[in-house]
Amino acid sequence: MFILFSICGSVLNYMFLPIQYPTIDHAVIHIDSVFGYEWRRAVELVAHFPFIGTVLFIVYATSLPQLLLTIIILGFQGDYRRLHHFLLTGVLGALTAIMFWIFFPTFGPSAYQDLPRWVLEAIPLAVTPDYGKELIQLGGEGPIYLSPASALGLIGFPSFHIFMAAMSVWFVPRYRLLIAVSITVNLIMIPAVLIQGGHHLCDVFGGALAFALICPFARWLLDRMEANGHGRERLSLGVETQAPN
(Lines give C-alpha, C1' and ligand atoms only; values in the text may rest on other atoms or scores of the structure.)
Protein backbone atom coordinates (compact mmCIF):
# COMPACT_ATOMS: atom_id res chain seq x y z
CA MET A 1 0.00 0.00 0.00
CA PHE A 2 2.92 2.32 0.67
CA ILE A 3 4.22 1.66 -2.84
CA LEU A 4 0.75 2.40 -4.23
CA PHE A 5 0.71 5.64 -2.25
CA SER A 6 4.06 6.59 -3.80
CA ILE A 7 2.65 6.06 -7.29
CA CYS A 8 -0.50 8.04 -6.48
CA GLY A 9 1.62 10.79 -4.90
CA SER A 10 3.66 11.12 -8.07
CA VAL A 11 0.50 11.36 -10.18
CA LEU A 12 -0.93 13.93 -7.75
CA ASN A 13 2.23 16.02 -8.13
CA TYR A 14 1.91 15.92 -11.93
CA MET A 15 -1.73 17.02 -11.74
CA PHE A 16 -0.56 20.51 -10.77
CA LEU A 17 1.41 20.96 -14.00
CA PRO A 18 1.90 23.32 -15.65
CA ILE A 19 2.88 25.34 -12.58
CA GLN A 20 0.61 28.22 -11.63
CA TYR A 21 3.04 30.17 -9.45
CA PRO A 22 6.52 31.60 -10.16
CA THR A 23 9.48 29.50 -9.13
CA ILE A 24 11.56 30.56 -6.14
CA ASP A 25 14.82 29.14 -7.52
CA HIS A 26 16.52 32.48 -8.09
CA ALA A 27 15.76 33.61 -4.55
CA VAL A 28 17.10 30.33 -3.16
CA ILE A 29 20.23 30.53 -5.35
CA HIS A 30 20.85 34.00 -3.89
CA ILE A 31 20.48 32.67 -0.34
CA ASP A 32 22.91 29.84 -1.13
CA SER A 33 25.42 32.35 -2.48
CA VAL A 34 25.36 34.17 0.85
CA PHE A 35 26.74 30.96 2.37
CA GLY A 36 29.28 30.65 -0.46
CA TYR A 37 27.60 27.70 -2.18
CA GLU A 38 27.17 27.32 -5.94
CA TRP A 39 26.14 24.01 -7.48
CA ARG A 40 28.28 24.35 -10.60
CA ARG A 41 31.47 25.03 -8.63
CA ALA A 42 30.69 22.15 -6.24
CA VAL A 43 30.20 19.67 -9.10
CA GLU A 44 33.38 20.85 -10.82
CA LEU A 45 35.30 20.33 -7.59
CA VAL A 46 34.00 16.77 -7.20
CA ALA A 47 34.70 16.06 -10.89
CA HIS A 48 38.42 16.35 -10.11
CA PHE A 49 37.99 13.23 -7.95
CA PRO A 50 36.02 10.74 -10.11
CA PHE A 51 35.98 8.06 -7.40
CA ILE A 52 34.17 10.41 -5.00
CA GLY A 53 31.69 11.40 -7.72
CA THR A 54 30.93 7.72 -8.41
CA VAL A 55 30.45 6.96 -4.71
CA LEU A 56 28.02 9.88 -4.39
CA PHE A 57 26.14 8.59 -7.46
CA ILE A 58 25.75 5.14 -5.90
CA VAL A 59 24.76 6.47 -2.47
CA TYR A 60 22.17 8.79 -4.04
CA ALA A 61 20.50 5.74 -5.61
CA THR A 62 20.12 3.94 -2.25
CA SER A 63 17.30 6.12 -0.85
CA LEU A 64 14.38 3.92 -1.89
CA PRO A 65 16.15 0.58 -1.22
CA GLN A 66 16.91 1.80 2.31
CA LEU A 67 13.23 2.52 2.92
CA LEU A 68 12.22 -0.84 1.49
CA LEU A 69 14.76 -2.66 3.68
CA THR A 70 13.49 -0.84 6.77
CA ILE A 71 9.88 -1.80 5.98
CA ILE A 72 10.82 -5.46 5.45
CA ILE A 73 12.89 -5.78 8.64
CA LEU A 74 10.38 -3.98 10.87
CA GLY A 75 7.59 -6.07 9.38
CA PHE A 76 9.32 -9.40 9.94
CA GLN A 77 10.30 -8.32 13.45
CA GLY A 78 6.64 -7.64 14.22
CA ASP A 79 7.52 -4.11 15.35
CA TYR A 80 4.22 -2.77 14.03
CA ARG A 81 4.16 0.36 16.19
CA ARG A 82 7.48 1.54 14.78
CA LEU A 83 6.51 0.42 11.28
CA HIS A 84 3.25 2.38 11.36
CA HIS A 85 5.09 5.46 12.64
CA PHE A 86 7.58 5.06 9.78
CA LEU A 87 4.87 4.77 7.13
CA LEU A 88 2.78 7.63 8.50
CA THR A 89 5.84 9.88 8.61
CA GLY A 90 6.61 9.05 4.97
CA VAL A 91 3.04 9.71 3.83
CA LEU A 92 2.75 13.03 5.67
CA GLY A 93 6.21 14.10 4.54
CA ALA A 94 5.47 13.41 0.88
CA LEU A 95 2.12 15.22 0.99
CA THR A 96 3.69 18.20 2.76
CA ALA A 97 6.48 18.44 0.18
CA ILE A 98 3.95 18.27 -2.67
CA MET A 99 1.69 20.91 -1.13
CA PHE A 100 4.61 23.27 -0.53
CA TRP A 101 5.91 22.75 -4.07
CA ILE A 102 2.53 23.60 -5.59
CA PHE A 103 2.70 27.16 -4.25
CA PHE A 104 6.49 27.61 -4.19
CA PRO A 105 7.85 25.48 -7.06
CA THR A 106 11.58 24.88 -7.44
CA PHE A 107 13.54 22.90 -10.02
CA GLY A 108 17.01 23.12 -8.51
CA PRO A 109 20.19 24.87 -9.69
CA SER A 110 20.85 22.32 -12.43
CA ALA A 111 17.99 23.90 -14.37
CA TYR A 112 19.79 27.25 -14.47
CA GLN A 113 23.51 26.43 -14.46
CA ASP A 114 25.46 24.67 -17.20
CA LEU A 115 28.43 22.36 -16.71
CA PRO A 116 31.57 22.01 -18.86
CA ARG A 117 31.67 18.90 -21.02
CA TRP A 118 34.71 17.55 -19.19
CA VAL A 119 32.68 17.43 -15.96
CA LEU A 120 29.92 15.38 -17.58
CA GLU A 121 32.55 12.99 -18.93
CA ALA A 122 34.47 12.74 -15.65
CA ILE A 123 31.69 11.56 -13.31
CA PRO A 124 28.21 10.04 -13.65
CA LEU A 125 25.46 12.52 -12.71
CA ALA A 126 21.92 11.58 -11.73
CA VAL A 127 20.72 15.13 -12.46
CA THR A 128 22.32 17.10 -15.29
CA PRO A 129 21.62 20.56 -16.77
CA ASP A 130 19.66 18.82 -19.54
CA TYR A 131 17.50 17.18 -16.89
CA GLY A 132 16.97 20.58 -15.28
CA LYS A 133 15.94 22.17 -18.58
CA GLU A 134 13.50 19.31 -19.11
CA LEU A 135 11.97 20.15 -15.72
CA ILE A 136 11.55 23.80 -16.72
CA GLN A 137 9.86 22.77 -19.97
CA LEU A 138 7.62 20.35 -18.08
CA GLY A 139 6.72 23.05 -15.58
CA GLY A 140 5.79 25.45 -18.34
CA GLU A 141 3.93 23.11 -20.68
CA GLY A 142 2.78 20.22 -18.50
CA PRO A 143 3.16 16.51 -19.32
CA ILE A 144 2.14 15.03 -22.66
CA TYR A 145 2.58 11.39 -21.63
CA LEU A 146 3.20 10.00 -18.15
CA SER A 147 4.66 6.60 -17.32
CA PRO A 148 6.95 5.19 -14.61
CA ALA A 149 9.84 5.40 -17.08
CA SER A 150 9.22 9.05 -18.02
CA ALA A 151 8.28 10.49 -14.60
CA LEU A 152 10.73 13.08 -13.29
CA GLY A 153 11.43 14.18 -9.74
CA LEU A 154 9.74 17.57 -9.57
CA ILE A 155 10.23 18.69 -5.97
CA GLY A 156 13.32 20.70 -5.12
CA PHE A 157 12.52 22.32 -1.78
CA PRO A 158 12.29 20.71 0.69
CA SER A 159 14.57 17.88 -0.42
CA PHE A 160 12.61 14.66 -0.03
CA HIS A 161 15.84 12.68 -0.44
CA ILE A 162 17.09 14.29 2.78
CA PHE A 163 13.71 13.57 4.39
CA MET A 164 14.04 9.90 3.39
CA ALA A 165 17.64 9.80 4.63
CA ALA A 166 16.49 11.09 8.02
CA MET A 167 13.73 8.46 8.06
CA SER A 168 16.24 5.71 7.32
CA VAL A 169 18.48 6.75 10.22
CA TRP A 170 15.67 7.39 12.72
CA PHE A 171 13.74 4.20 12.04
CA VAL A 172 16.59 1.81 11.25
CA PRO A 173 16.13 -1.44 13.23
CA ARG A 174 18.10 -1.35 16.48
CA TYR A 175 21.10 -3.44 15.46
CA ARG A 176 24.51 -1.87 15.93
CA LEU A 177 25.77 -2.85 12.50
CA LEU A 178 22.65 -1.54 10.73
CA ILE A 179 22.74 1.70 12.72
CA ALA A 180 26.43 2.27 11.90
CA VAL A 181 25.90 1.56 8.20
CA SER A 182 22.77 3.72 8.03
CA ILE A 183 24.41 6.71 9.71
CA THR A 184 27.49 6.44 7.48
CA VAL A 185 25.55 6.09 4.24
CA ASN A 186 23.14 8.90 5.04
CA LEU A 187 25.86 11.31 6.10
CA ILE A 188 27.31 10.74 2.64
CA MET A 189 23.78 11.26 1.31
CA ILE A 190 24.01 14.98 2.18
CA PRO A 191 26.73 15.81 -0.41
CA ALA A 192 25.17 13.24 -2.75
CA VAL A 193 21.86 15.14 -2.71
CA LEU A 194 23.68 18.40 -3.46
CA ILE A 195 25.92 17.07 -6.23
CA GLN A 196 23.94 14.21 -7.76
CA GLY A 197 20.45 15.50 -6.97
CA GLY A 198 21.11 18.98 -8.34
CA HIS A 199 19.71 20.56 -5.17
CA HIS A 200 20.10 23.94 -3.56
CA LEU A 201 21.87 24.06 -0.21
CA CYS A 202 18.61 25.37 1.28
CA ASP A 203 16.83 22.22 0.08
CA VAL A 204 18.94 20.13 2.46
CA PHE A 205 18.03 22.27 5.47
CA GLY A 206 14.39 22.28 4.33
CA GLY A 207 14.28 18.48 4.17
CA ALA A 208 15.86 18.15 7.63
CA LEU A 209 13.47 20.72 9.11
CA ALA A 210 10.46 19.02 7.52
CA PHE A 211 11.45 15.70 9.11
CA ALA A 212 12.07 17.33 12.51
CA LEU A 213 8.51 18.69 12.46
CA ILE A 214 6.61 15.87 10.80
CA CYS A 215 8.14 12.86 12.60
CA PRO A 216 6.97 13.90 16.11
CA PHE A 217 3.63 15.04 14.67
CA ALA A 218 3.14 11.62 13.08
CA ARG A 219 3.91 10.00 16.44
CA TRP A 220 1.40 12.24 18.19
CA LEU A 221 -1.20 11.48 15.54
CA LEU A 222 -0.56 7.76 15.83
CA ASP A 223 -0.93 7.96 19.62
CA ARG A 224 -4.27 9.73 19.21
CA MET A 225 -5.47 7.18 16.66
CA GLU A 226 -4.49 4.29 18.95
CA ALA A 227 -6.07 5.95 22.00
CA ASN A 228 -9.34 6.47 20.16
CA GLY A 229 -9.25 2.91 18.86
CA HIS A 230 -8.69 1.46 22.34
CA GLY A 231 -11.40 3.72 23.71
CA ARG A 232 -13.92 2.39 21.20
CA GLU A 233 -12.81 -1.16 22.00
CA ARG A 234 -13.32 -0.64 25.73
CA LEU A 235 -16.72 0.93 25.11
CA SER A 236 -17.69 -2.00 22.89
CA LEU A 237 -16.59 -4.52 25.55
CA GLY A 238 -18.52 -2.64 28.22
CA VAL A 239 -21.70 -2.73 26.18
CA GLU A 240 -21.29 -6.45 25.51
CA THR A 241 -20.75 -7.24 29.22
CA GLN A 242 -23.80 -5.28 30.25
CA ALA A 243 -26.01 -6.67 27.51
CA PRO A 244 -27.06 -9.92 29.33
CA ASN A 245 -28.23 -7.96 32.35
Side-chain angles (χ1 to χ4, degrees), residues 23-70 97 106-136 149 151-172 176-212:
T23 63
I24 61 171
D25 282 297
H26 293 295
V28 178
I29 288 174
H30 175 70
I31 295 173
D32 283 356
S33 68
V34 173
F35 293 95
Y37 176 77
E38 184 186 24
W39 180 71
R40 172 179 171 148
R41 284 191 301 168
V43 177
E44 288 179 357
L45 176 62
V46 172
H48 286 95
F49 308 94
F51 174 75
I52 294 177
T54 303
V55 169
L56 295 180
F57 180 81
I58 294 171
V59 168
Y60 184 74
T62 65
S63 288
L64 291 178
Q66 285 189 67
L67 297 188
L68 180 60
L69 183 63
T70 302
T106 53
F107 295 122
S110 65
Y112 305 93
Q113 299 174 12
D114 290 321
L115 293 173
R117 179 173 294 276
W118 71 268
V119 172
L120 298 173
E121 294 173 351
I123 58 173
L125 281 176
V127 173
T128 63
D130 288 341
Y131 185 97
K133 290 177 176 59
E134 191 174 350
L135 286 176
I136 292 180
L152 302 179
L154 300 176
I155 297 172
F157 182 93
S159 168
F160 200 63
H161 263 82
I162 292 297
F163 190 95
M164 291 190 294
M167 284 180 61
S168 297
V169 172
W170 187 263
F171 292 101
V172 66
R176 289 183 180 179
L177 179 60
L178 285 178
I179 292 172
V181 170
S182 180
I183 291 176
T184 302
V185 169
N186 288 294
L187 282 175
I188 301 174
M189 183 67 73
I190 297 173
V193 165
L194 291 170
I195 303 301
Q196 294 292 341
H199 275 280
H200 302 291
L201 183 62
C202 291
D203 298 347
V204 172
F205 292 105
L209 178 61
F211 178 80

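Only a predicted model underlies this, so the values are computations on that prediction, with no experimental measurement involved. Computed over heavy atoms, backbone and side chain alike; hydrogens, waters and symmetry mates excluded.
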Minimum side-chain heavy-atom gap [X]-[Y] below 4.5 Å:
{"X": "Leu125", "Y": "Tyr131", "answer": "no"}
{"X": "Pro124", "Y": "Thr54", "answer": "yes"}
{"X": "Gln196", "Y": "Val127", "answer": "no"}
{"X": "Val193", "Y": "Asp203", "answer": "no"}

Under the 3.5 angstrom rule, does the side chain of [X] hit a backbone N or O of [Y] as a donor-acceptor pair?
{"X": "Gln113", "Y": "Arg40", "answer": "yes"}
{"X": "Trp39", "Y": "His200", "answer": "no"}
{"X": "Asp32", "Y": "Leu201", "answer": "yes"}
{"X": "Ser182", "Y": "Leu178", "answer": "no"}

Could you tell me the separation between the [atom1] atom of [X] and the [atom2] atom of [Y], rounded to the nearest 0.5 Å?
{"X": "Thr70", "Y": "Phe171", "atom1": "OG1", "atom2": "CZ", "answer": "9.5 Å"}
{"X": "Leu209", "Y": "Ser159", "atom1": "CG", "atom2": "OG", "answer": "12.5 Å"}
{"X": "Ile24", "Y": "Ile31", "atom1": "CD1", "atom2": "CD1", "answer": "8.0 Å"}
{"X": "Met167", "Y": "Ile162", "atom1": "CE", "atom2": "CD1", "answer": "13.5 Å"}
{"X": "Asn186", "Y": "Thr62", "atom1": "CG", "atom2": "OG1", "answer": "6.5 Å"}
{"X": "Met164", "Y": "Leu64", "atom1": "CE", "atom2": "CG", "answer": "5.0 Å"}

Subject >> Identified side-chain contact (heavy atoms from CB on, under 4.5 Å) partner of Val181 from the options Val185, Ile183, Ile179 >> reply: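 Among the candidates, only Val185 passes.
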**OP:** Test Asp114 against Lys133 for side-chain contact (heavy atoms from CB on, under 4.5 Å), laying out the working first.
**Re:** CA-CA 10 Å; Asp114 290 321; Lys133 290 177 176 59; 2.7 Å; yes
So which atom in [X] and which in [Y] form the shortest heavy-atom distance, rounded to 0.1 Å?
{"X": "Gly108", "Y": "Asp25", "value": "N-OD1, 3.0 Å"}
{"X": "Ala192", "Y": "Val59", "value": "CB-CG1, 4.4 Å"}
{"X": "Gly132", "Y": "Ser110", "value": "CA-OG, 3.9 Å"}
{"X": "Ile155", "Y": "His199", "value": "O-CE1, 3.8 Å"}
{"X": "Cys202", "Y": "Phe157", "value": "O-CE1, 3.1 Å"}
{"X": "Gly53", "Y": "Ile123", "value": "CA-CG2, 4.0 Å"}

**OP:** Classify the ring geometry between His161 and Tyr60 as parallel (under 30°), tilted (30 to 60°) or perpendicular (over 60°).
**Re:**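 Judged by the thresholds at 30° and 60°, the geometry between His161 and Tyr60 is parallel.
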**OP:** State whether the number of non-hydrogen atoms from other residues, nucleotides or ligands found under 6.0 Å of Phe205 atom CZ is greater than 12.
**Re:**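 Incorrect, the count does not exceed 12.
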Subject >> Test log, rule side-chain contact (heavy atoms from CB on, under 4.5 Å), inputs Val204 and Leu194 >> reply: CA-CA 8 Å; Val204 172; Leu194 291 170; 3.6 Å; yes
